[in-house]
Structure formats: C-alpha cells, structure tokens
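Some notes on the structure that comes next.
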Amino acid sequence: MTAVTPVTSADPLVYLTVSEASRLIAARKLSPVELVEAYLARVDAIDDVVHSYIAVLADRARAAARIAEAEILAGRWKGPLHGIPFAVKDNYHVKGVKTTGGSRLMLDYVADETSTAIEKLEAAGAILLGKLNTWEYGTGTGEIYHDLPFPLARNPWNPARHTGGSSTGAGVAVAAGTAMFALGSDTGGSVRLPAAATGVYGMKATYGLMSRAGCLPNCWSLDVVGPLTWTAEDNATVAQVMAGYDPRDPQSADVPSYDLMAGFDMGLKGLTIGVVRDLGADAPSMDPDIVTKLAETEALLTDLGATVVEIALPAPLSKYRSVTGTINWAESLSIHEQDFMERSHLMGKALKDKMTAGFTVRAVDYVAATRYRRQLAVTTDAVIRTVDAVLAPCTFITAPTFEDQERLVKFTFGSATSIFNVTGHPAISIPTGFDRDGMPTSAQIVGRYFDEATTYRVARALEKAAGTRGLRPAL
C-alpha cells in the first residue's frame with residue numbers, strides 16, 4: 001500500500017503549490033521552462049502507474065513556457081498564473097487538438113475551438129500540459145467494466161484504489177504531481193468526488209459563474225466546470241481567473257465581477273457555520289472514519305471562533321439524487337441519441353445503460369423533475385441564507401478498491417454532492433485527513449449564491465489549522 005510521506009525542502013518542483021511557484025517565478029528565481037520540464041519528467045516517470053493523462057501536449061507546453069519566460073524577463077509578468085503548468089479533463093476543447101471525451105466515438109475528433117476556460121487561463125499566462133483521463137462523456141455509477149479505450153486512472157495514495165469520477169485524471173494529476181492544477185466538470189459531483197478520493201480541493205462554483213463554452217456537454221442544466229488544486233489558496237487563485245460572464249455560454253450568469261479572495265485570511269471569528277448532520281433515514285451509512293473526521297472538522301470550526309449551529313435541509317438526500325437522475329438521463333440522451341441509435345457498439349456499458357435509462361424518462365417526468373428542482377433550490381437556499389456557510393458531508397466512504405463494485409457505487413451515488421448540483425450553490429470538497437488505511441477523507445463547505453469568497457475563507461482557515469498539506473503520496 002502506498003503510504004503518505006512528509007514533503008521536505010528536498011522534494012521536487014512538482015510539489016510546489018501554485019502560490020509558491022508563482023512567487024518564485026515573479027521573483028525570477030524559477031523559470032517556467034524549468035517548471036514545465038519538471039512536470040513533463042514527472043509524467044514520464046509515473047504516469048504509467050497512475051494513468052492521469054489521455055494526451056500530453058509536450059511540444060505545445062514547451063513553446064508556451066519559452067514565451068512565458070521571455071515575457072517575465074522583459075518585465076511583462078501577467079499575474080499569479082503566469083508560467084504555471086496545468087492540465088484539463090479531456091472534455092475541454094483546444095483548437096487543433098483531439099478531444100476524446102474518453103470515448104471511442106471521438107477518438108479522431110479534432111477540435112475547431114478552444115474552451116473559454118482555457119482561453120482565460122492561457123491569457124493569464126498558464127501553460128497547458130495536456131488532456132486528462134475521464135469516464136466516457138462524464139458518465140458512470142462508479143462500477144468498473146474495463147471497456148473504455150484508455151487505462152483506468154489510479155489513486156496515487158494506493159494504485160489499487162478508486163480515483164472518483166468523472167474528472168478522474170484531474171484529481172490524480174494534482175495529488176500525484178503530474179499537473180500543478182487541473183480543470184474538471186461537475187454534473188452530480190464529478191469535480192468534488194475525485195477531489196475527495198485523492199485528497200485535494202475541488203470547487204463546484206455557483207451555477208453560471210464559470211463558462212462551459214467549448215466543453216463537451218453531459219447535462220446542460222446541471223453541468224459546471226471547476227478547478228482542482230492542492231490548496232484552498234490555489235483553488236481561489238484559479239477560480240478568480242475562470243469566473244465571469246461569457247456570451248458563448250447561454251447559461252452564463254451576467255453578474256458584477258467580484259473578488260473571490262475577499263477576506264481570505266480573516267479567520268472565522270464572527271461567522272456562523274451551519275452543520276448538516278442528518279441527510280435522511282434512507283441515506284447510506286457513513287464509515288466510522290468519515291464520521292470521526294467530520295466531528296473533528298466541526299470542533300475545529302468552534303476552536304477557530306465560528307458559531308456552529310445545526311441546520312436541516314428541506315428534503316432527504318434521496319430526493320435530490322432522484323431529481324439529478326431524471327434530468328441527467330433525459331438531457332444526456334438528447335445530446336447522444338443519434339450516436340446511440342447509429343453507433344452504440346462503440347459505447348461503453350455505463351454510457352449505453354444511461355442512454356437506455358434516458359428512453360424511460362417521459363416528458364411529464366422531466367417536467368416534474370425540473371419543477372421539483374426549482375422547489376428544492378428555493379427551499380434549500382432559504383436554509384443556507386440563515387448562515388454564512390455550511391459544513392456538509394461529501395463522500396460517505398473513502399476511495400474503495402477497484403474490485404469492490406458495491407462500494408464503488410456507494411462512493412459515487414452514496415455521496416452528498418448532488419444536492420448542490422440541484423440547487424446551484426457553490427460547494428468545495430476539502431480534505432479533512434486520512435482514514436486508518438491512509439486514504440483521504442473529505443467534507444464539503446457550501447456557500448450562499450455567488451459567495452465563493454466566504455466558502456474559500458472557511459476552507460482556508462480549516463486548512464491552516466489542520467496542517468495536512470505537508471503530506472503527499474509516496475510514488
């Protein structure tokens with residue numbers, strides 16, 4: 001079993017945080033060329049074990065690094081992401097580069113546009129390393145069928161363990177040091193679940209805050225893009241660049257720009273944090289280590305000066321999950337119906353099963369689900385608005401082994417992530433420690449609409465107090 005190990009000053013460049021690397025680059029003590037080469041060497045050294053990438057864009061990254069170095073030496077530093085290497089789930093388009101979506105259906109597809117998220121990050125000087133592993137079109141229950149065109153991504157804390165999905169390579173890349181930060185997408189938890197499995201931070205921002213233009217759709221009314229990072233500060237730094245109105249995305253929120261790091265280091269004194277302890281009688285059982293770490297996190301909030309109150313959501317977890325299932329099945333079929341009818345033999349079992357489920361959804365079922373979703377969003381928001389932020393469970397178990405199909409499904413479907421896809425509130429998966437087997441545990445911090453700043457403030461305070469960011473997988 002892979003064990004955790006403290007990071008020391010002798011550790012490689014790939015274990016720097018975005019913030020640390022940025023300060024060194026700005027001070028001209030670290031070259032973007034040197035940093036990119038370190039990451040490409042790391043990929044060469046370990047990606048045959050963890051399979052975080054579908055495609056590495058080495059030549060493109062090296063060229064961008066040389067440009068970044070020249071700009072910085074000429075005094076044209078663009079900000080905290082200038083010269084920082086990142087990678088994206090392979091459902092983000094990059095003009096002239098293949099987008100596969102992890103599917104045989106798209107193995108030869110070359111994109112004719114670049115996603116808005118990548119355009120913004122590259123404009124800020126970030127350097128794209130490549131495309132990361134994903135479940136086919138972001139689809140799956142957690143069950144493993146070994147029928148997709150790329151090897152399974154593997155958890156760097158223990159390669160026999162699950163990585164979460166569907167942004168499976170994104171969590172692995174950040175934890176294993178094959179990318180300094182990564183982008184995923186989240187329909188029912190697909191940023192937060194990989195983050196939880198691999199012990200990193202994964203943000204699902206307020207619905208509409210970050211543009212999805214140029215990203216393969218999974219379910220139009222639920223899809224959100226978001227960053228995965230090693231620290232809360234890194235996450236907020238990347239999110240700040242990604243946020244903002246985009247006319248290319250019809251669901252983009254036209255709201256005034258604001259500072260996602262406002263009050264970032266102000267601590268928790270004066271804040272009221274709501275804690276969700278009960279997700280309904282039919283919610284899955286929670287592993288004892290998860291229960292313990294949630295209790296420790298709640299106690300830490302109090303120690304840091306926050307007022308902690310218990311809050312109750314207006315419906316059990318099963319109701320939120322039912323809504324996401326109905327909407328996701330129907331909308332996903334509407335996206336892939338032609339391929340299902342004409343080329344289903346190229347689809348993996350998980351995607352075919354989802355398409356079949358989509359055919360069972362009647363129009364009245366879809367309309368009822370969308371109406372009930374609105375009701376849940378309004379009533380849940382009424383609860384969340386009574387506090388400054390919320391502490392809630394994320395996954396109910398830690399990452400299981402690939403052989404345990406029942407627990408693989410429980411990790412995915414038996415999680416609390418879908419609640420906030422239904423409602424659209426910002427929710428970040430945070431690491432809370434490790435279980436008795438050395439696997440990461442997690443929780444969610446949830447905020448009011450468009451109040452990512454308070455969400456990050458809470459995550460930052462907990463991170464500093466817990467002091468777990470010095471531990472990395474030993475690969």
Side-chain angles (χ1 to χ4, degrees), residues 51 54 88-93 99-107 109 131-153 162-172 183-197 202 204 212 215-226 321-361 366 369 395 402 405 408-415 417-418 421-422:
H51 303 298
I54 284 177
V88 298
K89 181 178 181 178
D90 196 17
N91 62 345
Y92 286 77
H93 291 312
T99 304
T100 73
S103 175
R104 289 184 180 84
L105 294 163
M106 295 190 67
L107 289 180
Y109 177 81
K131 306 295 238 22
L132 297 168
N133 216 330
T134 175
W135 294 352
E136 187 173 21
Y137 289 127
T139 294
T141 64
E143 285 188 276
I144 301 299
Y145 302 113
H146 301 284
D147 60 355
L148 297 181
F150 304 102
L152 290 171
H162 185 45
T163 56
S166 63
S167 307
T168 180
V172 173
L183 301 189
S185 58
D186 193 311
T187 304
S190 291
V191 163
R192 289 159 291 157
L193 294 174
K204 183 209 77 68
R212 306 167 304 175
C215 193
L216 290 176
N218 182 15
C219 174
W220 288 293
S221 66
L222 294 172
D223 290 347
V224 177
V225 299
R321 172 59 70 183
S322 176
V323 165
T324 57
T326 300
I327 293 174
N328 195 357
W329 293 339
E331 292 191 13
S332 191
L333 177 62
S334 72
I335 295 165
H336 301 296
E337 181 182 15
Q338 183 174 349
D339 275 337
F340 182 63
M341 300 301 291
E342 297 175 358
R343 302 195 293 164
S344 64
H345 63 285
L346 296 177
M347 292 180 172
K349 185 178 186 305
L351 184 59
K352 283 192 284 189
D353 286 350
K354 185 179 181 182
M355 296 300 98
T356 302
F359 273 109
T360 71
V361 178
Y366 179 77
T395 64
F402 286 113
Q405 297 280 45
L408 287 169
V409 173
K410 182 177 180 180
F411 183 89
T412 303
F413 274 11
S415 73
T417 53
S418 63
N421 293 93
V422 170

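Just so it is clear, the values below take in all heavy atoms, side chains as well, and ignore hydrogens, waters and symmetry mates. Keep in mind the model is a prediction, meaning the values are calculated, not measured.
Distance alone, capped at 3.5 Å, places no donor-acceptor pair between the Thr395 side chain and the Ser415 backbone. For Gln405 (side chain) and Ile144 (main-chain N/O), a donor-acceptor pair under 3.5 Å exists by modelled atom type. Asp223 places no side-chain N or O within 3.5 Å of a backbone atom of Ser185 that could act as its donor or acceptor partner. Judged by distance alone, with hydrogens and angles left aside, the side-chain atoms of Glu136 form no donor-acceptor pair with the main-chain N or O of Leu351 at under 3.5 Å. With hydrogens and angles ignored, the 3.5 Å screen pairs no side-chain donor or acceptor of Thr139 with any backbone N or O of Trp135. Between the side chain of Thr324 and the main chain of Arg321, a donor-acceptor pair closer than 3.5 Å is present. A donor-acceptor contact shorter than 3.5 Å is absent between the side chain of Ser166 and the backbone of Ser190. With hydrogens and angles disregarded, no donor-acceptor distance shorter than 3.5 Å links the side chain of Asp90 to the backbone of Lys131. Side chain of Asp147 to main chain of Lys349: a donor-acceptor pair is present (N/O by atom type, distance under 3.5 Å, no hydrogens or angles).
At least one side-chain heavy atom of Ile54 sits less than 4.5 Å from a side-chain heavy atom of Thr100. Side-chain contact between Leu333 and Met355 is present, with at least one heavy-atom pair separated by less than 4.5 Å. Put simply, the side chain of Arg192 reaches to within 4.5 Å of the side chain of Asn421, judged on heavy atoms. Here the side chains of Thr412 and His162 are in contact, with some heavy-atom distance below 4.5 Å. By the 4.5 Å heavy-atom criterion applied to side chains, Pro194 and Thr168 are not counted as neighbours. Annotation: side chain of Leu132 is not in contact with side chain of Tyr92 (no heavy-atom distance under 4.5 Å). Between Asn218 and Lys354, the closest side-chain pair of non-hydrogen atoms falls below 4.5 Å. For the pair Ile335/Tyr137, no side-chain contact is recorded, criterion being any heavy-atom separation below 4.5 Å from C-beta on.
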- prompt: Please walk me through it: do His51 and Leu152 pass side-chain contact (heavy atoms from CB on, under 4.5 Å)?
  reply: CA-CA 7 Å; His51 303 298; Leu152 290 171; 6.0 Å; no
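Applying the ring-ring contact (aromatic ring centres under 6.0 Å, His included) rule to Phe413 yields no partners; only residues at least two apart in sequence or on another chain are considered. Annotation: ring-ring contact (aromatic ring centres under 6.0 Å, His included) contacts of Tyr145 (sequence neighbours excluded): none.
Taking the six-membered ring wherever Trp is involved, the centroid distance between the rings of Phe402 and His146 does not fall below 6.0 Å.
Lys352 and Ser344 share no donor-acceptor pair across their side chains, judged by distance under 3.5 Å alone.
Interatomic distance, Leu222 CG to Ser332 OG, rounded to the nearest 0.5 Å: 11.0 Å.
Remark: Glu342 CD is packed, more than 12 non-hydrogen atoms of other residues, nucleotides or ligands lying under 6.0 Å away.
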